[in-house]
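Read the structure below first, then the notes.
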Amino acid sequence: MATDLNEILSHFAVNVKTQPYGNGHINDTYLVEGLPCTILQRINTSIFKKPDEVMANIAAVTEHLRRKILAAGGDPERETLTLVPTLDGAPYYVAPDGDCYRMYHFIKGAKSFDQAENPEMFAASAHAFGKFQRMLADFPADKLYEVIPHFHDTPDRLRQFREALERDAAGRAASVKPEIDFVLAHADCVSRVTDAIADGSVPLRVTHNDTKLNNVMLDEVTHEGICVIDLDTVMPGSMLYDFGDALRFGASTGAEDETDLSKIEFDLTYFEAFTKAFIEELGDSMTARERELLPFSALLLTLECGIRFLTDYLNGDTYFRIHREHHNLDRCRTQFKLVADIETKLDEMAKIVAKY
Ligand code: ADP
Ligand code: GN1
Ligand code: MG
């Protein structure tokens with residue numbers, strides 16, 4: 001990138017060493033090794049077209065969390081993101097080229113992980129995401145902008161997939177016939193959660209909507225959940241989105257972009273650890289239908305993410321950051337392998353849910 005980061009940093013009153021940081025697919029993240037240490041992020045404005053609205057959501061949500069954490073005797077500097085305003089008091093800086101940058105305090109003594117080392121560590125992330133949702137239960141949802149409309153509307157994701165297939169912008173459709181067929185064979189089930197929202201059996205809540213393991217900071221030493229991060233997509237949604245998406249990523253025995261599919265399975269021990277912790281945090285507020293759909297939500301959110309990766313592959317890789325050719329196709333294949341495995345385990349998963 002041609003941007004002079006030190007010039008950008010002078011608008012936040014810092015001028016020190018920076019380096020690219022983290023494994024996110026969307027924003028450009030930099031570690032700024034100043035005093036205090038901070039995180040600088042270039043917001044991906046081709047995805048978040050109204051950065052004002054994204055930042056208004058984040059400011060309001062972190063302010064709400066700060067009050068809750070203080071009331072509970074916690075440390076808001078560690079347990080929620082803290083925005084650093086620009087010298088002009090703005091929540092983010094717009095560079096002359098139109099790029100948008102925001103800054104957060106660096107969360108000390110904690111790490112984000114791409115894979116859980118054991119089920120306990122994964123359970124810690126469930127407690128963190130569950131607690132996050134509990135703390136936001138009384139946040140006025142109508143104050144949130146819908147920054148990406150239809151974000152977890154799986155039928156709409158399927159519609160976008162069909163459009164991409166029709167357009168075949170990158171000329172790749174002919175080479176991914178098995179993946180296309182996989183999507184079409186699963187078209188029947190995509191509206192199960194949106195239908196439940198529409199008939200009122202699954203309520204809308206303030207949800208995170210991007211609950212992969214590397215969006216939560218765990219204590220470096222104890223691996224206890226410290227802080228939920230990546231708040232760009234906090235919007236009204238279903239708790240099933242947060243549950244299913246976390247399992248999609250965290251209960252897989254391999255990386256999201258693993259090319260050896262024999263390494264990819266859906267691990268029921270991890271499912272059980274996460275489910276137990278999530279129900280401990282949120283069980284009291286769950287409706288019967290939410291509880292019933294927990295296992296299916298893991299399948300649905302995995303299918304949805306696979307459809308999104310395949311759609312992006314067909315579009316010529318315009319959404320998710322890629323690091324190699326066919327990266328989005330590799331990601332799609334792990335998701336579909338997981339879906340096929342989850343399908344064989346749904347009964348077992350329902351028995352696990354019934355235990356808690
Ligand atoms: P993306 O939207 O691209 O996924 P994230 O907000 O998730 O970006 O940030 C990417 C990575 O940067 C995270 O996985 C985490 O490792 C690190 N990170 C982000 N914010 C902080 C923070 N405040 N303190 C420490 N690390 C952070
Ligand atoms: C993106 O931003 P990041 O890397 O945490 C994406 C999620 C996907 C995920 C797949 C705003 O998450 O929806 O599930 O990649 N975020 C956005 O790994 O689209
Ligand atoms: Mg992230």
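Note that ligands are numbered from 1 as they come in the structure, with each ligand's atoms numbered from 1 the same way.
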Review point. Heavy-atom contacts under 4.0 Å between Tyr241 and ligand 2: side chain, backbone, both, or neither?
Key: neither
**Study point:** Proximity to ligand 1 by part of Ile39, non-hydrogen separation under 4.0 Å
**Key:** side chain
**Study point:** Mode of His105 contact toward ligand 1 - side chain, backbone, both, neither (heavy atoms, under 4.0 Å)
**Key:** backbone
Practice item. Using a 4.0 Å heavy-atom threshold (strictly under), name the region of Arg248 that reaches ligand 2: side chain, backbone, both or neither. Key: side chain
Exercise for review: Would you check whether Arg308 has a nitrogen or oxygen atom less than 3.5 angstrom from a nitrogen or oxygen atom of ligand 2?
Suggested key: yes
Review point. Counting heavy atoms only, which part of Asp230 comes closer than 4.0 Å to ligand 1: side chain, backbone, both or neither?
Key: both
Check your understanding: Under 3.5 Å, is there a donor-acceptor pair linking the side chains of Arg134 and Ser285?
Key -> no
Exercise for review: For Asp312 and Asn328, test the side chains for any donor-to-acceptor distance below 3.5 angstrom and give the result as yes or no.
Suggested key: yes
Check your understanding: Does Thr29 approach ligand 1 within less than 4.0 angstrom via side chain, backbone, both or neither, non-hydrogen atoms only?
Key -> side chain
Review point. Looking at ligand 2, does any of its N/O atoms fall within less than 3.5 Å of an N/O of Asn215?
Key: yes
Review point. Is the closest heavy atom of Met217 to ligand 1 under 4.0 Å?
Key: yes
Practice item. Check Tyr319 against ligand 2 and report side chain, backbone, both or neither, counting heavy atoms closer than 4.0 Å. Key: side chain
**Study point:** The one among Ser112, Cys37, Gly24 that brings a heavy atom closest to atom 16 (O) of ligand 1
**Key:** Ser112
Practice item. State whether the shortest distance between N or O atoms of Asn214 and N or O atoms of ligand 2 falls below 3.5 angstrom. Key: no
Point to revise | Residue-ligand contact Arg321/ligand 1, heavy atom below 4.0 Å | key: no
Study note, to complete from the structure: atom 4 (O) of ligand 2 sits nearest the protein heavy atom His25 N, 2.8 Å
**Study point:** Under-4.0 Å heavy-atom contact with ligand 2, by part of Lys212 that carries it
**Key:** side chain
**Study point:** Distance filter under 4.0 Å to Phe309 heavy atoms, resulting ligand 2 atoms
**Key:** 10 (C)
Point to revise | No-hydrogen, no-angle side-chain donor-acceptor test under 3.5 Å, Gln160 and Asp156 | key: yes
Check your understanding: Taking distance alone, with no angle check, do Glu256 and ligand 2 share an N/O pair under 3.5 Å?
Key -> yes
**Study point:** Side chain, backbone, both or neither: Asn44 near ligand 1, heavy atoms under 4.0 Å
**Key:** neither
Practice item. Report the name of the N/O/S atom of Asp230 located nearest to the Mg ion (ligand 3). Key: OD2
Review point. Heavy atom under 4.0 Å from ligand 1: found in Asp210's side chain, backbone, both, or neither?
Key: neither
Practice item. Flag yes if more than 12 heavy atoms outside Glu343 fall under 6.0 Å of its CD atom; otherwise flag no. Key: yes
Practice item. Tell me which one of Ile26, Thr302, Asp230 gets a heavy atom nearest to atom 1 (C) of ligand 2. Key: Ile26
Check your understanding: Any non-hydrogen atom of Asp210 lying under 4.0 Å from ligand 2?
Key -> yes
